[in-house]
S.K.: 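What follows is a single structure, and I will ask about it in a moment.
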Amino acid sequence: MVATDKSSKSGVSFTEQEALQFHQQGRPGKLEITPTKPMATQRDLSLAYSPGVAVPVKAIAEDPTRAFDYTTRGNLVAVISNGSAILGLGNLGALASKPVMEGKAVLFKRFADVDSIDLEVDTQNVDEFVNSVRYLGPSFGGINLEDIKAPDCFIIEQRLREMMDIPVFHDDQHGTAIIAAAGLINAFHLTGRDIKDVRIVCNGAGAAGIACIELVKAMGVPHENVLLCDTKGVIYQGREEGMNQWKSAHAVETDARSLYDALKGADVFLGVSVKGALTEDMVRVMAPNPIIFAMANPDPEITPEEVAEIRDDAIMATGRSDYPNQVNNVLGFPYIFRGALDVLATTINDEMKVACAEALAKLAREEVPDEVAAAYRGNRPKFGPEYIIPVPFDPRLISTVPPAVAQAAMDSGVARRPIVDMDAYRNQLSARRDPVAGTLQRIFSKVRQSPKRVVFAEGEEEPMIRAAASFVSQGLGKAILIGRDDEVREAAKEAGVDLNRPGIEIMNARLSNRNRDYAEFLYARLQRSGYLYRDCQRLVNNDRNYWGAIMVARGDADALVTGITRNYSVVLDTVRSCIDAKPGHRMIGISLALSRGRTVLVADTAVIDMPTSEELADIAEEAAHVARRLGYEPRVAMLAYSTFGHPPGERSERVQEAVKILDRRRVDFEYDGEMGADVALNPDKMAAYPFCRLTGPANVLVMPAFHSASISTKMLQELGGSTVIGPLLVGLDKPVQILTIGAKDSDIVNMAAIAAYNVT
């Protein structure tokens, strides 16, 4: 095949050869199956298969609902197609649809942690297709139908919904409808329209078009206020040409016969048809502040540029990611199924679809985090005509949409296993998408119970301002931004952040009445280290980190977070000039590495370069203490390149001596060493050393030196796919957390919460 440039609807260029190589490289395709239980020993195999598997088999036979407890069924969706309407390519058959269906399965996993298997059914006969799928119910928690032509898709979905007791959802219909509905809710809000009064014209009477108008009617738009059009014009009562039962259900009494006639005075255009279907003349005759959703792919019915030439009051959405307000199905189907699966819903009804749309609309009205700004190439969107629909990479989707869907399922009576604690459920969802969230949630909950005053030292920086506003809005405490008032407010204005809210304070060090006291405090600490009083006064006036650290040291604030504009070591020296180590503790850095459901603390990752045996023992005690503060019972492994004396070496001897020191101290946690990282983390390898005192894999790793700790955590993050939090600065008498240069606002909020919690 000749390699030619292609432009996807996202605006990304690639060649045909690149696309083929992407799917072929490594293991062909985009999916693999990975066991979730150990399969290393004969006992593992006996439990996984015969004879151990007989136990859950009998339990399920006695109570079929136990299948959701003992198998993957409760988190498994089948993506099924016959390839009769593949993307914009038409009827290319079941086998040709497989790359698309694999891609859909990947999206389920990526966005909502829903496991999915693609099934391609090689028949175009409706009865045969239905009979192929209807008997698959015991295998799956839900069925996602995909790329099936109309009207077959209507018949297939309806019949399968009647036959099966699990959700059956044709995403080509309902996905587009739900995301479009979310955008319409916000467009109505911006233009001051009442949903009961709007006039809507939908062009395209296929699967997506029918679903769109059915959903807007379910939301409250009167039947007579919606005109549906196809290639033959308006679908009106009495029309006979090109009709079927699905079109007839939406026929209305009207004199309009063409799309142009229908659009005269219309508030909304919904396009799920073809390029060029909406002309400039049609746009001109629409009502003031028209709402135009041109969703044909890859080319919309009319482009935003074309509309802008004739109307400056229009709100537009398309199906393309290179224009604002993309109607993207990935905003819907992963999260709808997530909520439906989690309550064991028997179906996905209109109430659940509307709940999804309303949750998406509400999310778009909230201030956006850095991840959303990144999707807009650094331009931070604000709710308005060009931002009425969230973007797919908004990390809040996972904890926002599924709870709304699950609640609607419970309220409408289709949930078999209701959720009792919705707050806990939201926390669990956050942990699915972001493992950090699960670890941090306990901290956030504790901080909300006792809110703190946290200094955000670099207060003129936009990320700090956004983080401070988020910290306050989440009920974590009060935020003190250090900076010049005018500069802070100007930066906040540019960032779209409202600082006129309770809980946010701006402090200018030069103008504060604490200035002299702080200078004298610093001079008392540094006068025997070569500093004159005027040196200390200059530092207090000009260095926000000195000011913030002294605020915390003097008790004028509870915690400090800083570091996005300076190197870690520079900030650490500043902090140490103002705050001492906590009595009985040693200041160290601890990083949390999260991978595949495991959390491991690694120390020291920030402070002590080449620790002595005594210092290694101190690091172990400090790290164990932090582990308990975070809710983990510590099992500490003292790491080295050797394991229990082999091969011998000077660094290993230091680690061995550190273990002896811990023995003499009679500490109250599990520890052992020296050992390699593989032995510390792998129970099978640890079993080769029956004298090892750890009762399980280590969750605290004490590294033999700072450089090995720093290198290993960064390698884990970059090569191992792990999430790393930190380094967390512990052992100080007052809580301070230092960020890395360029940290995002979400990272700043997390570290501010950790500072407020005080892990030491």
Side-chain angles (χ1 to χ4, degrees), residues 10 75 77 103-116 142 144 169 171 174-186 317 319 321 324-343 348 352-376 380-383 387-409 419 422-438 440-441 466 470 473-474 723 744-746 749-750:
S10 67
N75 194 52
V77 168
K104 189 82 172 202
V106 170
L107 295 179
F108 266 114
K109 187 66 176 178
R110 166 62 180 83
F111 288 100
D113 194 26
V114 172
D115 294 322
S116 182
N144 183 98
F169 185 83
D171 186 49
H174 308 298
T176 300
I178 291 166
I179 312 310
L184 287 177
I185 291 170
N186 281 337
S321 63
N325 300 324
Q326 184 191 18
V327 179
N328 190 331
N329 288 18
V330 80
L331 290 166
F333 69 85
Y335 310 110
I336 292 170
F337 271 98
R338 177 77 275 152
L341 291 171
D342 290 338
V343 294
I348 294 174
M352 296 161 73
K353 298 171 195 173
V354 172
C356 178
E358 291 177 341
L360 289 169
K362 182 180 178 182
L363 184 60
R365 295 194 291 270
E366 297 179 3
E367 293 177 359
V368 300
D370 283 340
E371 290 86 346
V372 176
Y376 276 74
R380 187 170 301 275
K382 305 174 188 176
F383 176 62
Y387 182 67
I388 57 174
I389 301 172
V391 293
F393 288 95
D394 192 322
R396 301 167 298 177
L397 287 163
I398 185 67
S399 58
T400 299
V401 180
V405 173
Q407 188 64 57
I419 295 170
M422 194 59 74
D423 287 336
Y425 175 54
R426 290 188 184 92
N427 296 340
Q428 176 193 16
L429 290 169
S430 296
R432 279 184 179 272
R433 168 71 188 270
D434 181 3
V436 175
L440 293 178
Q441 195 52 52
R466 292 193 297 270
S470 178
S473 66
Q474 293 186 56
T723 300
K744 296 181 294 186
D745 55 2
S746 56
V749 173
N750 289 341

S.K.: Would you please indicate if the ring centroids of Phe333 and Phe169 are separated by under 6.0 Å?
M.R.: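 Ring centres of Phe169 and Phe333 not closer than 6.0 Å.
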S.K.: With rounding to the nearest 0.5 Å, note down the distance linking CZ in Arg466 to OG in Ser473.
M.R.: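 That separation rounds to 13.0 Å.
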S.K.: Which heavy atom of Ala180 sits nearest a heavy atom of Val327, and at what distance?
M.R.: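 Shortest heavy-atom contact: N-CG1, 3.9 Å.
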S.K.: So among Leu360, Leu397, Thr400, Val405, which one has a side-chain contact (heavy atoms from CB on, under 4.5 Å) with Tyr335?
M.R.: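 The residue from Leu360, Leu397, Thr400, Val405 that satisfies side-chain contact (heavy atoms from CB on, under 4.5 Å) with Tyr335 turns out to be Leu397.
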S.K.: Minimum heavy-atom separation for Asn329 and Ile179, please, with both atom names.
M.R.: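 So the two residues come closest at CA-CG1, 4.2 Å.
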S.K.: Does the side chain of Leu429 come within less than 4.5 Å of Arg338's, by heavy atoms?
M.R.: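 They are in contact (side-chain heavy atoms under 4.5 Å apart), so the answer is yes.
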S.K.: Give the C-alpha distance, both sets of side-chain angles, the deciding distance and a yes or no for salt bridge (Lys or Arg N to Asp or Glu O under 4.0 Å) between Glu367 and Lys382.
M.R.: CA-CA 7 Å; Glu367 293 177 359; Lys382 305 174 188 176; over 6 Å; no
S.K.: Is there a side-chain contact between Met352 and Ile336 in this structure, where contact means two heavy atoms from C-beta onward sitting under 4.5 Å apart?
M.R.: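 Heavy-atom side-chain distance check fails, nothing below 4.5 Å.
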S.K.: Supply the atom-to-atom distance Gln428 CD to Ile419 CD1, rounded to the nearest 0.5 angstrom.
M.R.: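 That separation rounds to 8.0 Å.
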S.K.: How far apart are the closest heavy atoms of Asn186 and Ala361, and which atoms are they?
M.R.: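 For Asn186 versus Ala361, the nearest heavy atoms are ND2-O, 3.0 Å.
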S.K.: For atom NZ of Lys362, is the number of surrounding heavy atoms from other residues, nucleotides or ligands below 6.0 Å larger than 12?
M.R.: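 No.
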S.K.: Could you tell me which non-hydrogen atom of Val114 sits nearest to which non-hydrogen atom of Pro334, and how far apart they are?
M.R.: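 Residues Val114 and Pro334, closest heavy atoms: CG2-O, 4.2 Å.
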S.K.: Testing the basics here: between Val401 and Ala359, what is the closest heavy-atom pair and its distance to 0.1 Å?
M.R.: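 That closest heavy-atom pairing would be CA-CB, 4.3 Å.
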S.K.: With distance as the sole criterion, is a donor-acceptor pair present between the side chains of Tyr425 and Asp342 under 3.5 Å?
M.R.: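 Side chains of Tyr425 and Asp342: pair found under 3.5 Å.
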S.K.: Answer whether the closest heavy-atom distance between the side chains of Ser470 and Asp745 falls below 4.5 Å.
M.R.: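 A side-chain contact is absent here, since even the closest heavy-atom pair is not under 4.5 Å.
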S.K.: Once you round to the nearest 0.5 Å, how far does CG of Asn75 lie from CG of Asp115?
M.R.: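 The distance works out to 5.0 Å.
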S.K.: Looking at Gly142 and Leu341, what are the two nearest heavy atoms and their distance?
M.R.: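 Result for this residue pair: N-CD2, 4.2 Å.
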S.K.: With a 4.5 Å heavy-atom cut-off, do Ile185 and Arg365 have their side chains touching?
M.R.: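 Counting from C-beta outward, Ile185 and Arg365 do come under 4.5 Å.
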S.K.: Any side-chain donor-acceptor pair under 3.5 Å between Asn144 and Asp171?
M.R.: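 Note: Asn144 and Asp171 side chains miss the donor-acceptor criterion.
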S.K.: Measure the spacing between OG of Ser116 and CZ of Arg110 and express it to the nearest 0.5 Å.
M.R.: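 Separation between the atoms: 15.5 Å.
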S.K.: Find the distance between CG (Leu331) and CZ (Phe111) and round it off to the nearest 0.5 Å.
M.R.: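 Leu331 atom CG to Phe111 atom CZ measures 8.5 Å (nearest 0.5 Å).
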S.K.: Enter the distance from His174:NE2 to Cys356:SG here, rounded to the nearest 0.5 Å.
M.R.: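 The distance works out to 12.5 Å.
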S.K.: Just do the side chain to side chain contact (heavy atoms under 4.5 Å, CB included) check on Val749 and Gln474 with the steps written out, would you?
M.R.: CA-CA 10 Å; Val749 173; Gln474 293 186 56; 3.7 Å; yes
